Amino acid sequence: MPFIPHTEQDVQEMLDTIGVSSIEDLFDEIPPQLRAGELTQVPEALSEMDMMRRMRERAAQDEGALCFIGAGAYEHHIPAAVWDVTTRGEFMTAYTPYQAEASQGTLQLVYEYQSMMASLMAMDVSNASLYDGASGLAEAALMAVRANRKSKSRKILVPGSVHPSYRSALNVIVEAQNIEIVEVEWNPSTGTTLIDNLASFEGEDFTAIVIAQPNFFGQLEDVDALTDWAHAQKMLVVGLVNPMAMAVLEAPGNWGEKGADIVVGDGQPLGVPMASGGPYYGFMCCTSAIVRQMPGRIIGRTVDLDGKPGYALTLQAREQHIRRSKATSNICTNQGLAVTASTIYMSLLGPDGLATTSGHCYQNTQKLIALLTSIDGVDKAFSGHNFHECAIKVPAKASLVLEKLAEREVLGGFDLGVNYSDLEDVILVCVTETKTDTDLDVYKLALADVLNEINS
Amino acid sequence: MPFIPHTEQDVQEMLDTIGVSSIEDLFDEIPPQLRAGELTQVPEALSEMDMMRRMRERAAQDEGALCFIGAGAYEHHIPAAVWDVTTRGEFMTAYTPYQAEASQGTLQLVYEYQSMMASLMAMDVSNASLYDGASGLAEAALMAVRANRKSKSRKILVPGSVHPSYRSALNVIVEAQNIEIVEVEWNPSTGTTLIDNLASFEGEDFTAIVIAQPNFFGQLEDVDALTDWAHAQKMLVVGLVNPMAMAVLEAPGNWGEKGADIVVGDGQPLGVPMASGGPYYGFMCCTSAIVRQMPGRIIGRTVDLDGKPGYALTLQAREQHIRRSKATSNICTNQGLAVTASTIYMSLLGPDGLATTSGHCYQNTQKLIALLTSIDGVDKAFSGHNFHECAIKVPAKASLVLEKLAEREVLGGFDLGVNYSDLEDVILVCVTETKTDTDLDVYKLALADVLNEINS
Amino acid sequence: MLIFEQSRSGRKAFAQSPSVAADLSGLPESFIRKEKPGLPEVSELQAIRHYTNLSRKNFSIDTQFYPLGSCTMKYNPRGALAAAILPGMLNRHPLAPESHSQGFLACLHDLQEMLKDVTGMKGVSLTPMAGAQGEFAGVAMIRAYHDARDDDGRTEILVPSAAHGTNPATAVMCGFKVREVPVGSDGDVDVETLKTLVGPQTAGIMLTNPSTCGVFERRIEEIASIIHDVGGLLYYDGANLNAILGKVKPGDMGFDVMHMNLHKTFATPHGGGGPGSGPVAVNERLLPYLPTPIVGKDGSDDAPTYRWLTDKDIPETIGNLSAFMGNAGILVRAYVYATLLGREGMHRVGEYATLNANYMAKKLEKEGFQLAYPDRRATHEFIITLSKLTKEHGVNAMDVAKRLLDYNQHAPTTYFPLLVPECHLIEPTETESKEAMDEYIAAMVSILKEAESDAEMVRGAPYTQPVKRLDDVKAARELDLAWKG
Amino acid sequence: MLIFEQSRSGRKAFAQSPSVAADLSGLPESFIRKEKPGLPEVSELQAIRHYTNLSRKNFSIDTQFYPLGSCTMKYNPRGALAAAILPGMLNRHPLAPESHSQGFLACLHDLQEMLKDVTGMKGVSLTPMAGAQGEFAGVAMIRAYHDARDDDGRTEILVPSAAHGTNPATAVMCGFKVREVPVGSDGDVDVETLKTLVGPQTAGIMLTNPSTCGVFERRIEEIASIIHDVGGLLYYDGANLNAILGKVKPGDMGFDVMHMNLHKTFATPHGGGGPGSGPVAVNERLLPYLPTPIVGKDGSDDAPTYRWLTDKDIPETIGNLSAFMGNAGILVRAYVYATLLGREGMHRVGEYATLNANYMAKKLEKEGFQLAYPDRRATHEFIITLSKLTKEHGVNAMDVAKRLLDYNQHAPTTYFPLLVPECHLIEPTETESKEAMDEYIAAMVSILKEAESDAEMVRGAPYTQPVKRLDDVKAARELDLAWKG
Ligand SMILES: Cc1ncc(COP(=O)(O)O)c(C=O)c1O
Ligand SMILES: Cc1ncc(COP(=O)(O)O)c(C=O)c1O
């Protein structure tokens, strides 16, 4: 009986104690007509050995290609130590630290995480995590509506250059609460949100604006100008950032005169494997002024009976288990283990290691851009600066090019035509520090080859 | 500076404390002419990322073939839990438990290991490990010479059906101490040591005999008769066994009337990966009567100041760090971590799980024998019974057949011709529980194909 | 000591990133960060030592019995981890083309099929990232269903007073008003009152069964009729599915939609707070609204190909709830768990979980503890109330919980459900041995004696943990949420 | 509690082996085991919980400062583990054909080359499985060398009195008599006496440099001449190589043969007692005798192929010491470590190891501790003697060591080398931070005060460990080496 330790004698003794004659008797309060039959769709058990064999075969099917896709999930080198320590039973198989005295490990770690993340974002405080970047953005929108007492509109400005999946998840999650998302157009030549695009919104009541840095196209926005403009309009500013980029780029807390009010994003680049999309985690930071509107768990430092420092869940009155229908969010289980990994990752790299890694992503991307645009008909889709993704225009349908690259075991990027009908010939290409010069050459040669094939 | 935590300020403060002006000064007692120059053969450092990339490439070179080689190292399924727990820092990065109070984890575990291993071998006691099976056999020979006070000969009978590498290592290690290894011939039709072969040795003074079960050819010896014969000749019996087989086959402690006196072997089959040959570990058990002659560390159960049970290194007076030139062996560092894995492995499988696994090795081998011998000209080399290895005669040179099988990504076994000139057309094939019926078919088809190619 | 207190400016002791700085000369100054973030500067050894030692300050399933009610802290098989971290699984990009995703998609599809079977439902979407997001998806589908029928007046979701906090919070997030349904003294929903609360304003009801009172809602079919009769739908909160896995299917009880907590029922690790995974399952009515993405299968069973179903396939979907496929890695672990259990094993889960809980309940009762529902069968969990102890000795449920830690036992869930005073909600799960439970019971008996002879001592517990009882009030009043250096 | 005490007859709770029993009908009864072995019958959870909790009773590098002299307890990089457990490395059979071994062989060959360089030797064999086996291989080669020259009368190996126990034990295993060489009060070998001990009977000398006294043998070149002049050879015990890695090459000091402890100098984990790895290196003289197997390289540097060298290539080899390639997996880890350090890093090891030891020595001296060799430079380790404390307060070196555990500091090596009374041999290694050492020093200062004010208390230490001081005498007298049920 996999995982069930009972011997026949145990079962008998237990039944005797309970005073019934069979396990079946324990279900006697359940109406008999509700009892389930065979589970026909659940196959016979496999031993761990057979299971691993199957899983190795399945995993091998998906392996081996060189990956240049980013679009919200990024391949970085994860130091071996990160998950060795993260998967220690004491971290991995504990739950939410309700019993603080028996959970100081997790609690102190999350306090350290909050400190690191707040500092990386140049914000006052951080929570202990939300599900992912996209749902985190939705929580930020809900939070902004609660926090901006000056605004009555429940309307939020979101540039079209924000990740399309983030925007759709945002919509799904906030629309039931009558919050309206208003799209801001991006400039087709720079791929960014220009102040000029915003002029038309001036004077109207908006609760908040979302500013992504870098944006979905990998382009760098003029965050200072946008932040100051929004604050002048009495909106809250929600920064949406890639935390890896923040080791090099100016942090949201320092944007413009006053900095962003809320910052969210996906923590995956910080030591969390791509793993088909999750578990990642949404991080969220904000200014002290609005911390009581923040969703999710928060750890605070306090003292014990002897005055010794210790850590505990705090501001629980915001949460569903205390406040129920009046909670700031329904979130309960969060993404703790991914946060554990990120905390260890940031400790291992430190500020300089993170900046170097981040810088090499940038540098490798510039190298690849130079290589690819040396091919006839291939060009950057936008002017301006970018971080480690770049929209590359190709002289063919992006979907076709990508398909043919995949046949050559190069996953060439994300087809922007899927979400932007004007960009059907544009590929969003990502390069991180994991790519060598040889890898970049492989991509270039494959692309040249593919374009040749298509055009011949 | 990989792994060195010193800041410039640290270094300065430390130098100030010491009262020197540079690190260089700390080497002023070393004659200058001895100072090393550049290390020209050590390349520039790689980052962990670049190192892992190189190692992934190298590892991939050696991967993928279906392995039917045994000959002393066996592929078994290792439950995921085994090494997850074994590689916990507290087990992996501790050292020999000299400070018993701060090492109760390792100490209790080894006490449990000793108990399990002694019981699996049906012997009184076990030590905490030797290097591997081969060097363990040498230690057993040395121990037998110390322990058998009745014998003066320093001569030990070793059948030719004992693993050739074991025999050569045995020779290398014992010859300096004037111990003579006398070879016993094996019967060419059964591949085993027959009592008849031994008659010629009767009356002569031998210190001990080595009895392997199964022997190198995978054949089962008549261990009861051999043991009783040896004891009648006043020899000590050194059992050499595969511990996995002992879940099914009679254990050395129960051989014949009185059982073996010393038992050794390689613990690798019990949860230790093949890993190109090590780290494995040599296990050694013996009767209580001769425990003070045993080499290697031994853990004993005792009590602390409060009378609470605890564990400690014991019988240290046998060991080099106390007894120096009079020690039972020079061994110091042993193979603790592999023992840790085996202990967890045996706990996870229990007596029934181990017997089932062992039984499936046997059963799969019988299946493969039937398949292979259905090919024209292919036959068992020996009559009698075998465990999970079998000597298979092929109608061609074994080395050629194996080479061509390898081209088909089947590692077909061990070429017995390497060590036995009469067996140049015999392959020692091993099948464990890890092989499926499909795998067996793959082997059969590949072999048929290879023989076809060779004969055409 | 905090990791920051071990940091020294200028320390660079790692082999983790390229040693040469990158060329950033192409980036204008204005984009570039001016001040280093305050991350610690420690050596690899310091980081490992620090976090290894921190981990040692946690209780966990791997180290202690952890009978946290409503959380199903069962053994998390290491084999599931091993499979999920195979390189092909770990390094797959979420947007990899389907040609490079067949292995992963096959696992997800198999899991969908198994979950349909155990829930008795018609469709499954794996995407929700925890129970609460599953609830959101489910209630959003209820909303979409009424919307699609232009049934506009349905503004209320009913929730029993014993419900988990996520239920009312979710209903509100989905734009509904919450109306509480009282629970009777036998732990079942008060059906008579329920009848008075329903009407054309009823969008649906959210129920767990067994309920958070640890008893099976016996009149569930009647409740289903009441709700359905007024045009509402039934949401099943699957947090307690472990009690009935393989024994009863929620779909058969009349539920229209539900979530599962794979991190509970399907043994994926809880990670010190998460991640979890909360797939939703629906009957025919709600099939069109399932959240995306879902894995579809084309071709024959012998040569299947798998692909993502998106809003092109499911035009009425409520949409996506995360950037990609939810907590994909957790889904892989759950799939592996189901594979290791197999059909027989799946049937056994509910049986042994129930056996363990009933055993503990009966034994504790015999030792003088008061069951909240003494006349009911326990399900996979049960409640004791310590009101008497509190009244007589001033030792409350929290004190007993803290004292348990000194006995190396993780405390059960305390003060939930709110309607039982001074309660402990105890859930042993099927993977715990009789011996482990007996030890816990012995600890409880011992604490009972201590409370009688030295209540003061018990109120001061714990004494053996890295810290003594913490000042929660100070934590909330004098907020210290980030280290300031 | 022992794992056996958690066992219950008939418990089968695993998914680890095939669930159906195998068909053994082909095997005659007489071969078959009659009684089950006494292995525990526990669930996967019980096993994991038990061993996880056991691990928590250990001190280790990952959790504590561990300045065990002569053992070089430096940080063990996790990257080395990650590389060594790549499937291609972990699952390679030791007898796989060379066509399927090029990746593994390349690593070993690269390691051989690097070790030659850092030792200043001409040949390396990686096969010995720990230091002591390296010593055996080395002394056996010395024996083979003399034998090959028919130089029969060489029956003695010289060993300084301060030498590690493995040195004399090894010499005896190789059939030699051991003659002890005294060590002077400055920690160096007494060269004048040495001269009187050598002669035609001298096969060789075994030395470490720096010696186990933690000082550099300054007259090493003179010693080499003395030994070489009488026809003997010099063996270098590489246990202390960390002190001079990248600074001095043993080959340049005149040594003919040596071993390295990769588990010390090359940062492979100590595993609670092992495994280690003890490669041997030799100069030209002993090249013909190197133990097999060794990795050879054919072809150009651009397209190398690697192969095993065996006794066919090295006909005079002393032979093989283990069934296969020694502790292959440890060799891979050591190779990775060297790769991560690189040339510069390798040069730094000796420097920072020496800096740390000298810092600690000087600070402890300033705090009132007595250095065994106060006029000498410390090398990578140093000795303090607590004789004064023992005389004045009855607190001996062992008492202080045990009390250190209460300060969460692993004790240094005690009572070794034997010639320094009441000694602590302290080796911080280069991977420890100044803060870690300062904490240790603070603990020592505090214990000194405790010894002065409450010697009794210190003698009773430790108080904070899973057990108090253990009764070693009982352990040896009333042998209990296996659980009897
Ligand atoms: C009864 C019940 N419902 C819902 C939830 C919410 O699930 P999750 O924490 O996965 O969001 C929980 C979890 O604690 C629960 O116990
Ligand atoms: C000086 C010295 N020589 C030799 C050895 C023996 O090495 P090993 O334990 O690897 O056999 C040691 C190890 O402790 C040592 O310190």
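Given the structure is predicted, the values throughout are model-derived calculations rather than measurements. Here is how names work: the chains are called A, B, and so on, in the same order as the sequence lines, proteins then strands, and each is numbered from 1.
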Examine whether an atom of [X] lies under 4.5 Å from a heavy atom of chain B, and if so say whether it belongs to the side chain, the backbone or both; otherwise answer neither.
{"X": "D:Val118", "answer": "both"}
{"X": "D:Phe31", "answer": "both"}
{"X": "D:Asn356", "answer": "both"}
{"X": "D:Lys247", "answer": "both"}
{"X": "D:Met73", "answer": "side chain"}
{"X": "D:Lys366", "answer": "side chain"}
{"X": "D:Tyr51", "answer": "both"}
{"X": "D:Arg348", "answer": "both"}
{"X": "D:Ala21", "answer": "backbone"}
{"X": "D:Ala171", "answer": "neither"}
{"X": "D:Leu68", "answer": "side chain"}
{"X": "D:Leu405", "answer": "side chain"}
{"X": "D:Lys34", "answer": "both"}

Just so I understand: if I count every heavy-atom pair under 4.5 Å between each of [options] and chain B, which residue has the most?
{"options": "D:Lys474, D:Arg377, D:Gln465", "result": "D:Arg377"}
{"options": "D:Leu2, D:Asp252, D:Thr170, D:Ile32", "result": "D:Leu2"}
{"options": "D:Glu221, D:Glu35, D:Glu344", "result": "D:Glu221"}
{"options": "D:Thr63, D:Leu24, D:Ile220", "result": "D:Leu24"}
{"options": "D:Gly329, D:Gly319, D:Ala47, D:Gly175", "result": "D:Gly329"}
{"options": "D:Asn76, D:Leu479, D:Val42", "result": "D:Leu479"}

Taking the six-membered ring of B:Phe3 as reference, does the cationic atom of D:Lys74 (NZ for Lys, CZ for Arg) lie under 6.0 Å from its centre and within 45° of its axis? no
Based on non-hydrogen pairs under 4.5 Å, which of [options] is most in contact with chain D?
{"options": "B:Ala134, B:Ser325, B:Ser168", "answer": "B:Ser325"}
{"options": "B:Arg35, B:Gln316, B:Arg58, B:Arg56", "answer": "B:Arg58"}
{"options": "B:Ser347, B:Ala251, B:Ala355", "answer": "B:Ser347"}
{"options": "B:Ser126, B:Ala73, B:Ala406", "answer": "B:Ala73"}
{"options": "B:Asp10, B:Val125, B:Thr357, B:Ile173", "answer": "B:Ile173"}
{"options": "B:Pro31, B:Ala81, B:Ser358", "answer": "B:Pro31"}

Check whether any side-chain N or O of [X] sits under 3.5 Å from a backbone N or O of [Y] as a donor-acceptor pair, and report yes or no.
{"X": "B:Gln104", "Y": "B:Tyr311", "value": "yes"}
{"X": "B:Ser129", "Y": "B:Asn334", "value": "no"}
{"X": "B:Ser119", "Y": "B:Ser115", "value": "no"}
{"X": "B:Thr333", "Y": "D:Ala130", "value": "no"}
{"X": "B:Arg323", "Y": "D:Ala169", "value": "no"}
{"X": "D:His270", "Y": "D:His263", "value": "yes"}
{"X": "B:Gln320", "Y": "D:Thr166", "value": "yes"}
{"X": "B:Gln363", "Y": "D:Asp23", "value": "yes"}
{"X": "B:Lys308", "Y": "D:Pro466", "value": "yes"}
{"X": "B:Asp62", "Y": "D:Phe104", "value": "yes"}

Does the side chain of D:Asp471 pick up a donor-acceptor pair with the side chain of B:Thr302 at under 3.5 Å? no
Please look at [X] and chain D and tell me whether the side chain, the backbone, both or neither of the residue comes under 4.5 angstrom of a heavy atom of that chain.
{"X": "B:Ile322", "value": "neither"}
{"X": "B:Glu38", "value": "both"}
{"X": "B:Ile298", "value": "side chain"}
{"X": "B:Val110", "value": "neither"}
{"X": "B:Leu402", "value": "neither"}
{"X": "B:Tyr362", "value": "side chain"}
{"X": "B:Val303", "value": "both"}
{"X": "B:Asp124", "value": "backbone"}
{"X": "B:Ser288", "value": "neither"}
{"X": "B:Leu411", "value": "side chain"}

Do the side chains of [X] and [Y] get close enough for a salt bridge, i.e. N-O under 4.0 angstrom?
{"X": "B:Glu44", "Y": "D:Arg343", "result": "yes"}
{"X": "B:Arg88", "Y": "D:Asp62", "result": "no"}
{"X": "B:Glu57", "Y": "B:Arg54", "result": "no"}

Atom of B:Ser276, atom of D:Met325 and distance for their closest heavy-atom approach: O-CB, 4.1 Å
Please verify the inter-ring angle class for D:Phe324 with B:His163; under 30° counts as parallel, over 60° as perpendicular, anything in between as tilted. perpendicular
Is the distance from the ring center of B:His321 to that of D:Phe416 below 6.0 Å? no
Spacing of B:Glu112 atom CD and D:Phe4 atom CZ [to the nearest 0.5 Å]: 5.5 Å
